[in-house]
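Encoded as structure tokens, the structure appears first; notes follow it.
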Amino acid sequence: MGDPLQGGDPIFIGGIDFGVVALVVLKVLIGFTFVMVGVIFMIWFERKLIADMQNRIGPNRAGKWGLLQTLADGIKLIFKEDLMPNKADRLVFRLAPYLTVAPAFLTFTIVPIGGLFGTGENGTIEVFGYRTFVQVADPPIGVLFLLAMSSVAVYGVMLAGWSSGSKYPLLGSVRASAQMVSYEAALGLSVVAVVLLTGSLSTHDIVSAQSGGFADWNIWRTGVVPFLVFCIAATAELNRPPFDLVEAEQELVGGFHTEYSSMRFGMFYLAEFMNTITMSAIIVTLFLGGPDGPSLFGPDIIWPTIWFMGKLFIFLFTFVWLRATLPRFRYDQLMDLGWKRLIPLSLAWLLVIGAIRIADDEGWNVALVIGISLASCVVGALALVGASRAGRIRRRAEEALR
Amino acid sequence: MTTVSQGQGGAADTSEGAQELAPREAVAAAELLRESGAVLRMSEASVSELAGQVSEDETMIINMGPQHPSTHGVLRLMLELEGETVLRSKPVIGYLHTGMEKTGEQLTYMQGGTNVTRMDYASPFFNELVFSLATEALLDVEVPPRATWIRMLMCELNRISSHCLFMATNGMDLGAVSMMIYGWRERESLLAFFEKVTGLRMNNNYIRPGGVAADLPDGWREDVLTILEDLPPRLAEYDVLMTGQPIWRDRTQGLGVMTPAEAIALGATGPILRSTGLAWDLRRTMPYLAYDQVEFDIVVGTTGDVFDRYAIRLNEIRESIRIVHQILDLMPKGDYRVQDPKVTPPPRARIDESMEALIHHFKLFTEGFKVPEGEVYVAVESPRGELGCYLVADGSARPYRMHIRGPSFVNLQSLPHMLQGGMVADAIAIISSVDPIMGEVDR
């Protein structure tokens with residue numbers, strides 16, 4: 001895997017022996033436990049926080065401050081009867097929950113959750129004589145892997161709704177596929193900005209490139225817009241309010257998981273929160289420097305993880321906050337936002353960033369390049385507005401003819 | 001997928017079958033016209049054209065309710081969907097039918113209040129009020145002024161609590177779940193006051209023929225003032241959370257639009273009618289109680305959409321607060337019920353001293369008071385619209401016939417018209433904006 005500075009986990013430099021395998025297994029276990037425990041607390045945290053925001057008390061029976069509530073709910077779900085509708089496609093119905101849970105786990109493996117970057121250690125720590133990254137895996141195609149996994153998650157939701165053999169889940173899954181597919185485009189385009197600046201798809205490299213301090217974080221280097229687009233698209237990918245049309249209790253009862261019960265439902269529930277954590281972690285990794293932050297006191301090695309958790313927490317809080325505050329979008333409004341606003345915006349921004357990069361490389365006049373590219377963006381925006389207005393007028397005319 | 005099950009114990013074999021939304025082919029053009037929500041708008045020709053446009057394979061008939069989180073109880077809507085667009089819809093009711101109107105014929109006028117109060121359970125005082133007013137009209141008794149003003153006080157507070165409930169459910173239906181709890185919180189303070197006055201939070205049976213059941217308790221004025229002080233800042237919070245919220249506006253504006261002519265044709269009253277811009281409020285147009293002595297504005301909308309109905313209710317809370325302030329100033333002293341021993345039971349203390357009082361008490365509570373022959377229709381403006389009570393008396397102590405014109409019931413028939421062409425999410429918002437109380441729809 002070569003030089004550690006060129007990417008690739010240094011653990012593999014000395015060849016693969018039993019110790020390496022054991023360490024990787026250990027890392028997987030730790031990652032798994034991290035996410036699972038994270039989910040348990042995230043569910044508790046969400047319920048407690050939203051209860052506070054809504055003038056309620058929230059769970060307070062199981063354990064101190066209701067901390068064990070999630071555990072109790074999980075046990076209940078495991079012991080409940082597992083129902084399957086008569087019309088369900090049995091195989092797919094069983095498969096769907098796993099298709100949702102697995103990507104949520106897998107995506108988390110590429111997130112660096114600690115390690116000092118920007119020093120000689122380059123984000124590695126020493127464990128049992130091996131140097132390794134503080135992330136389960138660092139594939140050179142990290143960002144592509146992220147996008148691939150979020151696409152696989154669509155299948156879980158879509159198949160769940162389709163295989164239930166019931167109408168509400170079907171509506172939910174139709175919404176799900178449309179929503180997740182279209183927001184993935186915006187998601188991908190905003191990530192490209194980060195990749196363009198870093199010059200690498202590896203999450204480790206992306207974090208390394210931001211390790212110069214606060215001002216080096218991608219959120220500033222990419223000019224905030226890709227960050228905002230990514231956050232909105234991520235919320236839509238997660239099916240969290242205000243984009244929770246896929247479940248939309250008030251409209252589709254439970255959306256794609258209406259017919260699910262017992263632990264199969266539990267898995268969707270788990271996956272939803274797992275995805276929330278994973279997506280927040282991805283945002284932190286891509287835009288907020290991951291574990292980057294100053295060491296304040298005590299051993300240096302704990303601070304990256306603390307910073308990472310702190311940043312993660314901000315996003316978890318925000319997701320709950322959004323849920324407590326915002327009404328739900330309607331299907332067509334959601335599509336409008338995705339296709340007519342977010343995708344053109346991130347495309348235009350990508351163009352500007354790309355132009356600046358080339359201008360830098362070729363030594364052109366940067367100000368002029370920015371001016372020209374912004375002007376072409378404005379022209380494009382006007383053309384888009386014009387096109388959508390013309391379309392709307394034509395549609396009105398057709399409706400009037402009816 | 002869309003065929004109605006037949007002969008296998010399906011709904012088609014029951015009396016419910018006739019109510020169901022049948023597939024397109026099985027529906028006559030005139031029926032289709034009605035089901036497509038055509039009121040003064042579509043010609044038969046355009047409907048038959050519409051029928052030809054949509055093929056059976058592309059549509060899906062879906063049941064929304066009676067077990068559905070957003071149908072406000074047990075309303076059942078059958079929707080014909082093309083994708084997510086609602087082409088036709090049909091409300092099916094009767095799941096909460098308890099025969100209250102018929103029961104009313106078995107109960108004396110004395111007992112009637114307990115029965116009617118359970119109809120519109122979100123605004124019980126209005127039911128009691130309209131029943132009492134009808135009975136009093138038949139009896140031709142004049143209630144003392146204090147009773148009238150107490151009735152107004154309770155009704156206006158009830159209007160506030162009912163609208164708070166609407167705010168809660170409307171917010172929830174559109175996905176603003178926090179709003180649900182906020183609305184309930186405000187309602188709770190009012191219900192606590194009702195409990196203090198009447199002993200019950202709902203189904204109070206407080207307003208009775210001849211007056212009210214009991215005088216206001218000590219300290220009522222302070223309680224009401226506290227409520228009135230707490231409410232306005234919270235309504236301002238609603239404005240922040242919903243009224244000015246861009247997503248909220250996108251979700252509600254231009255949805256379920258009705259014109260005044262359509263609303264009148266469909267018999268819609270209350271906020272639905274007022275949202276079209278018609279200032280029709282029985283408190284003003286046909287004053288009852290002492291509404292001609294208080295100052296208030298009728299809130300009307302401009303476009304007749306879901307947002308207007310929301311805004312009307314929000315501002316009606318403000319108007320009601322204004323009215324209650326005036327009631328506090330104008331509340332007269334005196335009796336809280338008619339001092340006619342034939343209608344009003346004697347005070348408990350009198351029973352121990354007076355044989356006559358004991359007899360009156362006994363007679364009143366066993367066979368009730370007799371009401372002279374006649375018939376009467378009385379209507380009041382409930383939070384949902386015109387709530388009317390039609391009573392036929394045959395000279396006995398029980399009504400010969402009691403009919404309630406429930407505004408929720410009548411307003412429901414405007415649903416197919418408003419739902420047509422919207423999406424599923426719009427359907428939820430529109431149902432919510434009608435604010436039906438199924439207890440009143442089915443009675």
Side-chain angles (χ1 to χ4, degrees), chain A residues 46-47 49-58 87 165-175 178-179 232 239-255 258 320-337 341 395 398-402, chain B residues 1-2 42 46-47 49-50 53-54 60-65 67-72 79 81 83-85 168-186 188 234 240-242 245-252 255 421-429 431-432:
Chain A
E46 168 148 10
R47 292 181 63 176
L49 183 64
I50 206 163
D52 256 8
M53 290 176 174
Q54 297 178 341
N55 275 300
R56 296 184 284 123
I57 297 168
K87 285 185 185 167
S166 172
K167 289 172 185 175
Y168 282 103
L170 184 69
L171 281 177
S173 79
V174 170
R175 283 182 178 191
Q179 171 182 342
I232 296 172
N239 299 323
R240 280 196 65 96
F243 304 106
D244 59 336
L245 307 108
V246 172
E247 287 153 53
E249 188 195 327
Q250 288 82 23
E251 294 154 26
L252 301 182
V253 191
T258 305
V320 179
W321 197 12
L322 289 179
R323 179 178 156 195
T325 320
L326 295 179
R328 186 182 300 111
F329 273 104
R330 201 171 60 204
Y331 183 63
D332 54 331
Q333 292 164 352
L334 178 95
M335 289 294 156
D336 278 2
L337 181 69
R341 312 246 170 96
R395 203 166 53 236
E398 268 170 25
E399 262 165 31
L401 271 181
R402 256 188 168 180
Chain B
M1 200 170 1
T2 54
M42 261 196 275
S46 62
V47 165
E49 194 184 323
L50 185 105
Q53 265 178 8
V54 186
M60 171 164 86
I61 290 185
I62 193 168
N63 265 311
M64 192 174 266
Q67 292 99 353
H68 186 281
S70 302
T71 50
H72 291 242
L79 305 174
L81 301 180
E84 281 223 21
T85 311
T169 53
N170 196 31
M172 183 180 66
D173 286 340
L174 288 164
V177 271
S178 296
M179 193 52 229
M180 172 178 76
I181 312 280
Y182 298 152
W184 279 347
R185 175 188 64 189
E186 271 65 284
E188 196 60 35
R234 289 179 174 174
V240 176
L241 194 66
M242 303 199 293
Q245 229 283 339
I247 305 180
W248 179 269
R249 291 209 160 224
D250 278 354
R251 278 297 306 276
T252 52
L255 223 74
M423 307 187 87
V424 177
D426 295 341
I428 301 295
I431 297 170
S432 185

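What you see is a predicted model; the values in this text were computed from it and never measured. A note on names: the letters A, B, ... follow the listed sequences, proteins ahead of strands, and every chain is numbered from 1. Just the heavy atoms: all of them, side chains too, but no hydrogens, waters or symmetry mates, feed the values below.
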Subject >> Side chain / backbone / both / neither for B/Ile431 at chain A, heavy atoms under 4.5 Å >> reply: neither
Subject >> Proximal component of B/Met172, with respect to chain A [non-hydrogen, under 4.5 Å] >> reply: both
Subject >> Minimum side-chain heavy-atom gap A/Leu171-B/Ile62 below 4.5 Å >> reply: yes
Subject >> Contacts of B/Ser178 that satisfy side chain to side chain donor-acceptor pair (under 3.5 Å) - sequence neighbours left out >> reply: A/Gln54
**OP:** Please determine, among A/Asp332, A/Thr325, A/Ile50, A/Leu326, the option with the most heavy-atom pairs under 4.5 Å with chain B.
**Re:** A/Leu326
**OP:** Counting only heavy atoms closer than 4.5 Å, note whether A/Pro241 contacts chain B via side chain, backbone, both or neither.
**Re:** neither
Original post:
Can we say B/Asp250 and A/Arg330 salt-bridge, meaning some charged N sits less than 4.0 Å from an Asp/Glu carboxylate O?
Top reply: no
**OP:** May I ask you to name which of B/Asp173, B/Ile181, B/Val177, B/Asn63 has the most heavy-atom pairs under 4.5 Å with chain A?
**Re:** B/Ile181
Subject >> Most chain A-contacting option - heavy-atom pairs closer than 4.5 Å, from B/Met180, B/Met64, B/Arg251 >> reply: B/Arg251
**OP:** Could you pull out all residues at least two apart from A/Phe329 that satisfy ring-ring contact (aromatic ring centres under 6.0 Å, His included)?
**Re:** A/Phe243
Subject >> Neighbour count above 12 (heavy atom, 6.0 Å) for B/Arg249 CZ >> reply: yes
